[in-house]
Amino acid sequence: MNPAPDNPAKREVILYAASKMFLEVGFGAASMDAIANAAKVSKQTVYNHFGSKEELFAAMVRGSCDQMISAFTEATKDDNPEKTLRTIAHLFMSMISSKEKQSLRRILMAEAPRFPELARIYYQSGPEVTRKFIADYLSEQTRRGVLRVDNPRITAEQFFGMLYSCWMRVDWGMEPPPSREIQEKYIDNAVAMIAKACRA
């Protein structure tokens with residue numbers, strides 16, 4: 001694999017074109033030739049920045065995840081864990097409810113059987129990172145005596161699972177998107193349950 005050239009602007013152009021194509025036609029149908037054409041660069045330039053289509057997909061997920069972690073980090077500056085978790089819950093709910101993320105989840109469900117590595121790449125580049133961040137936060141709060149969390153990793157998984165559950169039936173095409181009021185109820189319940197269970 002060639003090392004990525006030091007040209008952040010061109011890298012972003014390629015990544016934008018790839019992300020748009022993945023969301024429009026899916027992972028399998030998006031070719032490196034088509035991505036290069038959309039980015040108005042040569043295919044070799046694409047490969048110089050990203051060694052494979054899988055690496056492009058991972059970079060797309062990581063970019064979104066980095067923005068989320070940055071916002072989470074700001075939220076943890078508050079000394080009130082319950083308020084921090086509520087802010088994080090709102091950020092997470094806003095992210096998963098976006099049209100882009102809904103399309104991405106549907107692409108994964110449709111294409112993972114043909115591209116088994118796709119789900120692993122997505123999880124390790126996105127959900128795995130956000131869950132580790134919250135687990136580390138809960139561990140730090142436990143160390144300080146603010147909370148008592150016996151298993152931060154499982155607690156982080158359960159926290160996000162409770163929030164995502166209101167979108168699960170939407171992703172399966174069973175229901176329309178939940179209203180803002182319904183989303184708020186899921187956030188309230190998730191934060192209240194974690195705060196009560198982990199009270200020091």
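Sequential numbering from 1 along the given sequence is applied to the chain's residues.
Of the possible donor and acceptor atoms, one in the side chain of Thr155 sits under 3.5 Å from a partner among the backbone N and O of Asn151.
By the side chain to side chain donor-acceptor pair (under 3.5 Å) test, Arg120 pairs with Glu117, Gln124, sequence neighbours left out. Listed by chain and residue number, Glu140 satisfy the side chain to side chain contact (heavy atoms under 4.5 Å, CB included) test with Arg143 (two or more places apart in sequence, or in another chain). Taking Phe72 as the reference, Phe133 meet the ring-ring contact (aromatic ring centres under 6.0 Å, His included) condition, with sequence neighbours excluded. Every residue meeting the side chain to side chain donor-acceptor pair (under 3.5 Å) condition with Lys77, not counting sequence neighbours, appears here in chain and number order: Glu74. Partners of Asp188 according to the side chain to side chain donor-acceptor pair (under 3.5 Å) rule, which considers only residues two or more places apart in sequence or in another chain, are Arg86. Legend: residues meeting side chain to side chain contact (heavy atoms under 4.5 Å, CB included) with Ala59, ordered by chain and number and at least two apart, are Arg11, Leu15, Phe50, Arg62. Taking Gln67 as the reference, nothing meets the side chain to side chain contact (heavy atoms under 4.5 Å, CB included) condition, with sequence neighbours excluded. Taking the side chain to side chain donor-acceptor pair (under 3.5 Å) definition, one finds that Lys101 meets it with Ser64, sequence neighbours left out.
Contacts classified as side chain to side chain donor-acceptor pair (under 3.5 Å) and involving residues 17-32 (residues at least two apart or in different chains) are given here: Lys20-Glu24. Listed by first then second residue, pairs satisfying salt bridge (charged side-chain N to carboxylate O under 4.0 Å, His left out) with a partner in residues 161-170 read Arg169-Glu175, not counting sequence neighbours. Applying the ring pair (Phe, Tyr, Trp, His ring centres under 6.0 Å) test to every pair with at least one member in residues 92-121, sequence neighbours left out, gives these pairs: Phe27-Phe115, Phe92-Phe160. Residue pairs satisfying the salt bridge (charged side-chain N to carboxylate O under 4.0 Å, His left out) criterion with at least one member in residues 64-73, sequence neighbours excluded, are absent.
Across every non-hydrogen atom of Pro81 and Gln141, the tightest pair is CG-OE1, 3.5 Å. Smallest separation of non-hydrogen atoms from Val191 and Ala89: CG2-CB, 4.3 Å.
Ionic pairing of Glu157 and Arg153 is present here: one or more N-O contacts between side-chain nitrogen and carboxylate oxygen are shorter than 4.0 angstrom.
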